[in-house]
There are 2 protein chains.
Amino acid sequence: MAWDVEGTKHRIYQAALAEFAAHGPDGTTVDRIAKRAQVNRERVYNYFGDKSALFSAVIRSELDKIAQAVPLTITRTTDLAEFAGRTFDYQRAHPDLARLVLWEGLSDTGTVPDELTRTELYTGKANAVAAAQQAGLIDDTLDPAHLMFLIIALSSYWSAAPQIARMLSGTDAQDATETAQRRAAVVHAARQLATPRPKPTT
Amino acid sequence: MAWDVEGTKHRIYQAALAEFAAHGPDGTTVDRIAKRAQVNRERVYNYFGDKSALFSAVIRSELDKIAQAVPLTITRTTDLAEFAGRTFDYQRAHPDLARLVLWEGLSDTGTVPDELTRTELYTGKANAVAAAQQAGLIDDTLDPAHLMFLIIALSSYWSAAPQIARMLSGTDAQDATETAQRRAAVVHAARQLATPRPKPTT
DNA sequence: GTCTACTCCAACAACAACGTTGTTGTTGGT
DNA sequence: ACCAACAACAACGTTGTTGTTGGAGTAGAC
């Protein structure tokens, strides 16, 4: 077994994922991908086509993973807060994917690939919230989609804007206790938003 | 008046803002900036130094603007929620800024230009929150910096991740009533986080 | 053994972007 | 009127990246 085609492809894929996540589509060079994969650059073109095709291949494959990673089912009031915590955890554990999605979003010019599938994913979550609101488990002041979006914002912005998190907290994101506090803040905030409240008398 | 130096600088600045926001530091070319500003490329280098210096200048200036446009002083419990609302408004009016911050976050390699100045800006806001917490105006469950960060996240993520907002709400961001609802959601959420609560008996 | 198909690599041309330099023309002061 | 300083621009050399090509070596079929 002198040749290991599948292995080579896989190494290229992994290298591409890392490089794209680190530097984005424009900041990444095919040469660096090849170097990292310990492969000749020509292999990249031969196996994956040009750079943008490789980027598409990577992002599609990774999005499939992200979709199934953090499911949401609400049977208790605290489930939404836990969802926020798990989303936070997921972003911490897979910073590459989070960054990839962000890059895609920024490069976005109107429509995103697989928009239909992903829309269903989100509306599914929104529907879960809506059902829980009708069941009285979740505060129904806000539109379910808006509430869902705010939950995602709370959980995601730490990874999306790490420089702001750093400047505000003064602490490095690597610090374990800081991370724990951030997570606790997210969960607490989500719970505040989710817990049903009596209507204000204003 | 044959020459309009300030005007030229300003045109370059505006062009750079638009290009950087659209394509990010790596995706932007100095030549396109010059073309858009209807200026020779050399002027860019003469006035602003190299590309990264220009990017720094743009992001710093834009952050100064939002800091002055949306100040934060807390004398009532609802002030924090109003701050969130005004931040949301500002981001809507200047969507380039949110994208700029995200680009910077993605390109972030440990330290950001003007990190010291900007850190002071943020800690100033965090201190305002801390003081208000001690005065009993703001709920003190969360660390002031973390609370401040969550407020910013709530207000900014709509502009930062428009594709997610679009997929979740199903509505276009141009829709006036949708925008109003989003703003209301942000303000409501901020108020939920800010309002002092008795400690849970758990 | 030989043939075909495939992997792998070094080298190449084409191009795009960077940052600089040299020149022309304009301004405002003396 | 003259001059120094400066705005404006075209053109340049350099560097880095892209995508391709031709050749050398290897595996398995017949």
Side-chain angles (χ1 to χ4, degrees), chain A residues 1-61 99-100 103-104 106-107 109 113, chain B residues 1-61 96 99-100 103-104 106-109 113:
Chain A
M1 56 155 263
W3 290 332
D4 180 15
V5 178
E6 285 310 311
T8 301
K9 285 185 183 175
H10 185 250
R11 283 210 314 282
I12 293 175
Y13 181 94
Q14 291 298 328
L17 171 59
E19 288 290 328
F20 279 134
H23 306 109
D26 287 319
T28 297
T29 70
V30 178
D31 198 50
R32 269 212 310 269
I33 293 176
K35 286 268 182 22
R36 181 189 276 252
Q38 294 183 319
V39 152
N40 189 277
R41 197 169 66 254
E42 179 269 351
R43 285 295 88 194
V44 178
Y45 289 103
N46 194 306
Y47 289 144
F48 290 94
D50 63 8
K51 186 166 80 164
S52 71
L54 177 56
F55 182 73
S56 299
V58 169
I59 204 161
R60 181 166 324 183
S61 169
R99 292 169 60 86
L100 221 51
W103 245 304
E104 184 206 27
L106 281 177
S107 310
T109 54
Chain B
M1 58 156 263
W3 289 331
D4 180 14
V5 178
E6 285 310 311
T8 301
K9 284 185 184 174
H10 186 251
R11 284 211 312 283
I12 293 174
Y13 180 92
Q14 291 297 330
L17 171 59
E19 289 289 329
F20 279 134
H23 307 109
D26 286 322
T28 297
T29 72
V30 178
D31 199 50
R32 267 212 311 269
I33 294 176
K35 285 268 182 23
R36 182 190 277 251
Q38 293 184 318
V39 151
N40 190 277
R41 195 168 67 255
E42 179 267 353
R43 286 294 89 193
V44 178
Y45 290 103
N46 194 304
Y47 290 143
F48 291 94
D50 62 10
K51 187 166 78 166
S52 72
L54 178 56
F55 182 76
S56 299
V58 168
I59 201 163
R60 168 173 15 146
S61 170
D96 283 353
R99 294 172 57 87
L100 226 48
W103 281 119
E104 186 193 39
L106 282 175
S107 311
D108 185 17
T109 55

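The chains referred to below are lettered A, B, ... by the order of the sequence lines, with proteins before strands, and numbering in each begins at 1. Hydrogens, waters and symmetry mates play no part in the numbers below; they use all other heavy atoms, side chains included.
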Nearest to side-chain heavy atoms of B:Arg41, which nucleotide of C:dC9, D:dT18, D:dA11: D:dA11
Checking B:Arg11 now: which residues fulfil salt bridge (charged side-chain N to carboxylate O under 4.0 Å, His left out) with it, not counting sequence neighbours? none
Whole angstrom value for the distance that separates P of C:dA11 from CG of A:Asp31: 14 Å
Quick one: list whatever passes salt bridge (charged side-chain N to carboxylate O under 4.0 Å, His left out) with A:Arg41, sequence neighbours left out. A:Asp31
Identify whether any heavy atom of B:Asn40 sits under 4.0 Å from a base atom; if not, whether one sits that close to sugar-phosphate; answer base, sugar-phosphate or nothing. base
How long is the line joining CD of B:Gln38 and P of D:dA10, in whole Å? 13 Å
Mind checking side chain to side chain donor-acceptor pair (under 3.5 Å) for B:Tyr45 and listing every partner two or more places apart, or none if nothing turns up? none
To the nearest angstrom, how far is B:Leu54 atom CG from C:dG19 atom P? 11 Å
Spell out yes or no: do the side chain of B:Asn46 and the base of D:dA7 have one donor N/O and one acceptor N/O closer than 3.5 Å? no
Choosing from D:dG19, D:dT21, C:dT20, which nucleotide comes nearest the side chain of A:Glu42? D:dT21
Working to the nearest 0.5 Å, report the span between CG of B:Asn46 and OG1 of B:Thr8. 11.0 Å
Rounded interatomic separation in angstrom, taking CZ from A:Phe55 and P from D:dT18: 14 Å
Check this one for me: any side-chain N or O of A:Thr8 less than 4.0 Å away from OP1 or OP2 of C:dC8? yes
Hey, does A:Thr28 reach any base, or is it just sugar-phosphate, or nothing, if we go heavy atoms under 4.0 Å? sugar-phosphate
Closest to side chain of B:Tyr45, choosing from C:dG19, D:dG19, C:dT7: C:dG19
Does a nitrogen or oxygen in the side chain of A:Lys51 sit under 4.0 Å from OP1 or OP2 of D:dT18? yes
Between B:Tyr47 and D:dA8, is there a contact of a side-chain N or O with OP1 or OP2 at under 4.0 Å? yes
Take atom CD1 of A:Ile12 and atom P of D:dG19, then tell me their distance rounded to the nearest Å. 14 Å
Residues which pass side chain to side chain donor-acceptor pair (under 3.5 Å) with B:Asn40, listed by chain and number, not counting sequence neighbours: none
Does anything in residues 16-27 of chain A come within less than 4.0 Å of DNA chain D? Heavy atoms only, and list the residues if so. none
Distance check needed: D:dC9 C1' versus B:Lys35 NZ, whole Å only. 13 Å
Can A:Glu6 and A:His10 be counted as having a side-chain donor-acceptor contact under 3.5 angstrom? no
Whole-Å gap separating P (C:dT26) and CG (B:Asp4): 17 Å
With sequence neighbours left out, what residues match B:Arg43 under salt bridge (charged side-chain N to carboxylate O under 4.0 Å, His left out)? none
If only side-chain N and O atoms of B:Thr29 are considered, is one of them under 4.0 Å from the OP1 or OP2 phosphate oxygen of C:dA16? no
Euclidean distance, atom CZ of residue B:Phe48 to atom P of C:dG19 [Å, nearest integer]: 15 Å
Quick check: closest heavy atoms across B:Ile12 and B:Ile33, and the distance to 0.1 Å? O-CG2, 4.0 Å
